[in-house]
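See structure below.
Both ligands and their constituent atoms are indexed starting at 1 by order of listing. The structure presented is a predicted model; accordingly, all values stated were derived computationally and were not measured. Throughout, numbering of the chain's residues begins at 1 and tracks the sequence.
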Amino acid sequence: MIETQILKVETTKPAYQAIHLAAEILKWGGLVAFPTETVYGLGADAFNPNAVQKVFEAKGRPADNPLIVHISKFDQLEELTDNITETGKLLTQAFWPGPLTIVVKSSPFVPKIVTGGLDTVAVRMPKHNVALRLIDVLDRPIVGPSANISGRPSPTTAQHVHHDLNGRIDLILDAGRCDIGVESTVVDVTNQPPLILRFGGLTRERIEQLIGEVQTTEDDHFKRRSPGTRYRHYAPEAKVVLFERGDKLVFDRLNQKYFEDGKKVGYIIYSTDLIGEPAVLGRLVGSNIEIYSQMLFQLLRDLDTLGADVILVESVEDIGLGKAVMDRLRMAAK
Ligand code: AMP
Ligand code: MG
């Protein structure tokens, strides 16, 4: 057990002392959880394999699941790859800093533990002052998987990080709730057309507006390339059951069935006319998809805390940010 310190930082003007302390910890091979616009990341010096090893241990993350390297300046991309590709340039110029991760050919300098042994590396420039300042002050790229125990809902507040990783990491920089609430969109730009490996905060629609049609891992041929899609992920303790939007009949039937089985039923819905007995642990979110996405992991964690055995979740439309939300819900429901 190590002692985990929490330091509050302001997003707009993070205090230099806090950032400096965090950078010192990273410099000496420690672990610092930091806020980004998507979810909280678990930071370690990307060029220190021992520090990166500790990230896998703290999270209980499978070693073949590669990490995303976070940078604060375009120059740092050149230390990580020799070949950004034209689409890589277009995408990063348009969407960085932001919720986009590109997968490019890895330079020989990137430790294999970061890439999961692949010849590619995933890179992102987060749109969060605290993250950018931290990388700037350290003056090196940092790895930043979500700062949670592997498989659990990603952390969107410092309290979530503390709940999962207290005693396993050195410091948590607390800048409040993350804006987007789901992880970055991962695009493999070594492929032509580019391939979306994971849906996330940047929508497919915005990517396609810029560079034309892209492929997705739902195309069968690519499925095995995306490790995160095969096992239960983003999952609360409770069983997650999805139902079609507005389907009162199914909602009532599931609600009744689990209640009769003696289960404590929770729900995440946005159709007010669905609310009914006997489910007790309700969470209503507005149909605004930005807020749904921002609150999704928080709501799953809340319902766990309240002791739900089953969470009934109303599906959202599978477009735009809704695609990222539905992907996570489907994995949580596996
Ligand atoms: P996480 O750190 O939990 O946000 O997950 C990072 C995800 O990015 C992984 O699960 C992969 O799907 C993807 N990823 C990271 N690096 C690579 C890579 N070199 N090649 C393909 N996918 C990658
Ligand atoms: Mg994760």
Would you say [X] has any N or O atom under 3.5 Å from an N or O of ligand 1, going by distance alone?
X: T115; result: no
X: E183; result: no
X: H233; result: no

Legend entry - Polar contact flag, side-chain donor to acceptor under 3.5 angstrom, Q298-D302: yes
Legend entry - Pair Y270-R245, side-chain donor/acceptor within less than 3.5 Å: yes
Inset, instruction - Check each atom of ligand 1 against the heavy atoms of L118 and keep those under 4.0 Å away; list them by number with element. - result: 18 (C), 19 (N), 20 (N)
Legend entry - Numbered atoms and elements of ligand 1 in range of P145, under 4.0 angstrom, heavy atoms: 2 (O)
Mode of [X] contact toward ligand 1 - side chain, backbone, both, neither (heavy atoms, under 4.0 Å):
X: R61; answer: side chain
X: T120; answer: both
X: T101; answer: neither

Legend entry - Shortest reach to atom 22 (N) of ligand 1 by a heavy atom, considering only L197, V110, D64: L197
Inset, instruction - Check if I68 has a non-hydrogen atom at a distance under 4.0 Å from any atom of ligand 1. - result: yes
Inset, instruction - For atom CD of Q192, decide whether the heavy atoms of other residues, nucleotides or ligands shown that lie under 6.0 angstrom number more than 12. - result: yes
Legend entry - Distance (rounded to the nearest 0.5 Å) between L67 CG and F56 CZ: 4.0 Å
Legend entry - Gap between atom CD1 of I84 and atom OG1 of T190 - 0.5 Å precision: 13.5 Å
Legend entry - Parallel, tilted or perpendicular: rings of H70 and F34 (30°, 60°): perpendicular
Legend entry - Hphob cluster co-occupancy, V32 + I142, side-chain heavy atoms under 4.5 angstrom: yes
Inset, instruction - Would you indicate whether the side-chain heavy atoms of I71 and L80 approach each other to under 4.5 Å? - result: yes
Inset, instruction - Tell me, please, if S146 has any N/O/S atom, main chain or side chain, under 2.8 Å from the Mg ion (ligand 2)? - result: yes
